[in-house]
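Every chain is numbered from 1, with letters handed out A, B, ... down the list of sequences. Since this is a predicted model, take the numbers as computed values, not measurements.
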Number of protein chains: 2
Amino acid sequence: MSVTYRKDLSRAVEDYLKAIYELQRGRQQVSTSALAERLGFASASVTGMLKKLHAQSPSLVKYQRHRGVTLTQTGEKIALEIIRHHRLIELYLIEALGYSWDEVHEEADRLEHFISESFEDRIATFLGEPEVDPHGDPIPTKEGYIAVSASTRLSALQVGESGRITKVLDEDPELLRYLTKLGLCPQAVVTVTQRDPFGGPIHIQTDAGATQMLGDRVTDSVYVELVQ
Amino acid sequence: MSVTYRKDLSRAVEDYLKAIYELQRGRQQVSTSALAERLGFASASVTGMLKKLHAQSPSLVKYQRHRGVTLTQTGEKIALEIIRHHRLIELYLIEALGYSWDEVHEEADRLEHFISESFEDRIATFLGEPEVDPHGDPIPTKEGYIAVSASTRLSALQVGESGRITKVLDEDPELLRYLTKLGLCPQAVVTVTQRDPFGGPIHIQTDAGATQMLGDRVTDSVYVELVQ
DNA sequence: TAAATGAATTAGTCGCGCCTAAAACGTGGA
DNA sequence: TCCACGTTTTAGGCGCGACTAATTCATTTA
Ligand SMILES: [Mn+2]
Ligand SMILES: [Mn+2]
Ligand SMILES: [Mn+2]
Ligand SMILES: [Mn+2]
């Protein structure tokens, strides 16, 4: 019976681990400056924290000066726990309290650090142990398993190809409201009808029949899986 | 049009203001040591914080060296806002997530500092703008009005007198579970059938017909209003 | 009225997590 | 191969909110 004991971590530490996890997608090392950029801190501050996270035992990150950082198993487990909190909370706010999907990210980004295990369990039960959040992101299990998605950016589709939206980036409320207006939410199917050269807009047709031109800010924020 | 602008306050500051409010009941000054005792800090730490709260503008407390502290209007407004959060959250956890009344205090004591105004409004609406929390404490309105209760301790009842329970102290889960077992929750009516001298137990009869001897730890934690 | 006592304050310290400025590192182009 | 430039780290500092130890204050009692 392995009791998973975990000391209380500060919000700061949890945010670093989550940010490293999110930047690590694909890449095998996360740079100090990328992390600083994402967290909105000076690089020097990040270096200091990375040394601390590395020095802990068990250490939460693997960090080599000038080489970047990766999560250890322990660190990844914690990151996934916070991400589970975040995504469960987002969905709960919509399902139970009538938030719209552009309002939930900010609230979840705070509350994710302060709910108890019991609260987590209860909202998960209320929601029926859901597997994806309102923006299409998979919700890690309590054991720290997370589904991998093979989807690509909408911007990668060629003319004539169709894709079913799997997820959209959730950090910009403005963008989410725009996507709502266009009906571009998970499960919707879009077909690329035209591509203009040199990073010009992509023309799409939605399953509702509407046509639309989308800039790359949008098409880079929407992920799809190919259909047909 | 007076827009109530309020800078972000730390959890520490909010906890001080709430503690001062709660200790101020009746008393006109709160002592450094009483505050230190309640917050679990060294007195020296409390002195330091009081000086800071006093120095702010607008100042949140009136503090005179060696004379104790009271809340200013501004400070009281903030304390009531946090208390509103606390009591709404307690009730919400029970009504929406199936918590029992002995589990909610701890969770609410944390979350009260981190929910948004929007979250507050939504749970208040969900709950139907409730006026009391699960332990019988009044919930301040959004405008900072709080109902005053004229209730007395159960320990003050004389033999033959009956009281309807208005509220119970909510900080000790153990005690709350004991009260649950005895059916001593708000609205229940109890009659004192015997009092033993020298702080001995008080014998009561509940409206369910059961009789019980209660020590002063219990009878000091239960508040009643006289009936008949 | 002066000494004793307990409460409160001051003085100094510490860990956390951020900052800026200066130094050091590592790498791609000449 | 080496130098210039961008990245990263080091050095030093700051506000916050706790701590302990030493001191001062207010009040009570002799
Ligand atoms: Mn966060
Ligand atoms: Mn999301
Ligand atoms: Mn609190
Ligand atoms: Mn309560």
Side-chain angles (χ1 to χ4, degrees), chain A residues 6-20 23-24 27-57 59-71 75 78-79 82 109-110 112-114, chain B residues 6-20 23-24 27-57 59-71 75 78-79 82 109-110 112-114:
Chain A
R6 240 196 64 207
K7 61 170 91 74
D8 261 349
L9 299 168
S10 68
R11 176 178 182 177
V13 167
E14 292 179 349
D15 275 340
Y16 271 90
L17 296 176
K18 191 161 74 110
I20 295 167
L23 292 173
Q24 215 176 318
R27 267 163 299 281
Q28 65 281 48
Q29 298 278 333
V30 174
S31 72
T32 300
S33 52
L35 207 40
E37 159 91 34
R38 166 157 256 262
L39 292 168
F41 298 148
S43 291
S45 308
V46 172
T47 299
M49 180 61 99
L50 292 181
K51 291 206 288 186
K52 227 165 23 188
L53 296 178
H54 184 78
Q56 302 222 343
S57 53
S59 74
L60 304 180
V61 305
K62 181 150 168 287
Y63 165 67
Q64 294 171 289
R65 287 164 59 254
H66 296 281
R67 296 195 170 290
V69 66
T70 54
L71 294 177
I78 296 166
I82 304 302
D109 236 9
R110 227 179 321 107
E112 64 189 2
H113 309 288
F114 303 110
Chain B
R6 240 196 64 206
K7 62 169 93 72
D8 261 349
L9 299 169
S10 68
R11 175 177 182 179
V13 167
E14 292 179 347
D15 275 339
Y16 271 90
L17 296 177
K18 190 161 72 113
I20 295 167
L23 291 173
Q24 215 175 320
R27 268 162 300 279
Q28 65 280 50
Q29 296 278 334
V30 174
S31 71
T32 300
S33 52
L35 207 40
E37 159 90 35
R38 166 157 254 261
L39 292 168
F41 299 148
S43 290
S45 310
V46 172
T47 298
M49 180 60 100
L50 292 181
K51 291 206 288 187
K52 227 166 20 190
L53 296 179
H54 183 79
Q56 303 223 342
S57 54
S59 75
L60 305 180
V61 305
K62 179 150 170 289
Y63 164 68
Q64 294 171 288
R65 286 163 61 253
H66 296 282
R67 297 196 170 287
V69 67
T70 53
L71 295 177
I78 296 167
I82 303 302
D109 236 9
R110 228 180 319 107
E112 64 190 2
H113 308 288
F114 304 109

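Residues B:K18 and B:E112 form a side-chain contact, since some pair of their non-hydrogen atoms from C-beta on lies under 4.5 Å apart.
For B:Y16, a side-chain nitrogen or oxygen approaches OP1 or OP2 of D:dA18 to under 4.0 Å. Residue B:Y63 places no side-chain N or O under 4.0 Å from the OP1 or OP2 atom of C:dA8.
The CZ atom of A:R11 sits 12 Å away from the P atom of C:dG17 (whole-angstrom rounding). In this structure, A:Q56 places its CD atom 9 Å from P of C:dG17, rounding to the nearest Å. Rounded to whole Å, the distance from NZ on B:K52 to P on C:dT9 is 15 Å. Going from atom CD of A:E37 over to atom P of D:dT8 covers 12 Å, rounded to whole Å. Residue B:Q64 contributes atom CD, which lies 14 Å from atom C1' of C:dA8 at whole-angstrom precision. Look at CZ on A:F41: it is 17 Å from P on D:dT8, rounded to the nearest Å. Here the C1' atom of nucleotide D:dT24 and the CZ atom of B:R65 are 9 Å apart, to the nearest Å.
With respect to the salt-bridge test (charged N to carboxylate O, under 4.0 angstrom), the residues A:R11 and A:D109 do not qualify.
Classified by interplanar angle (parallel below 30°, tilted 30° to 60°, perpendicular above 60°), the ring pair A:H54/A:Y63 is perpendicular.
Residues passing the side chain to side chain contact (heavy atoms under 4.5 Å, CB included) test with A:R67 are A:Q64, sequence neighbours excluded. A search for side chain to side chain contact (heavy atoms under 4.5 Å, CB included) contacts involving A:A44 returns nothing, not counting sequence neighbours. For B:E37, the side chain to side chain contact (heavy atoms under 4.5 Å, CB included) criterion is met by no residue, not counting sequence neighbours. Partners of A:Q29 by side chain to side chain contact (heavy atoms under 4.5 Å, CB included), not counting sequence neighbours, listed by chain and number: A:T70.
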Discussion item. Assess the residue pair B:R38 and B:D15 against the criterion (salt bridge (charged side-chain N to carboxylate O under 4.0 Å, His left out)); give the C-alpha distance rounded to whole Å, side-chain angles, the decisive distance to 0.1 Å, and a yes or no.
Written reply: CA-CA 10 Å; B:R38 166 157 254 261; B:D15 275 339; over 6 Å; no
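Between A:M49 and the choices A:L39, A:V61, A:V69, A:V13, the side chain to side chain contact (heavy atoms under 4.5 Å, CB included) rule is met once, by A:V13.
When the nearest nucleotides of DNA chain C are assigned to A:R67 and A:S43 by heavy-atom distance, the more 5′-ward of the two goes with A:S43. Nearer to the 5' terminus of DNA chain C, by closest-nucleotide assignment, is the contact made by A:V13 (compared with the other of A:V13 and A:H66).
The stretch residues 44-51 of chain B touches DNA chain C through B:A44, B:T47, B:K51, each having a heavy atom under 4.0 angstrom from the strand. DNA chain C lies under 4.0 Å from no heavy atom of any residue of residues 27-36 of chain A.
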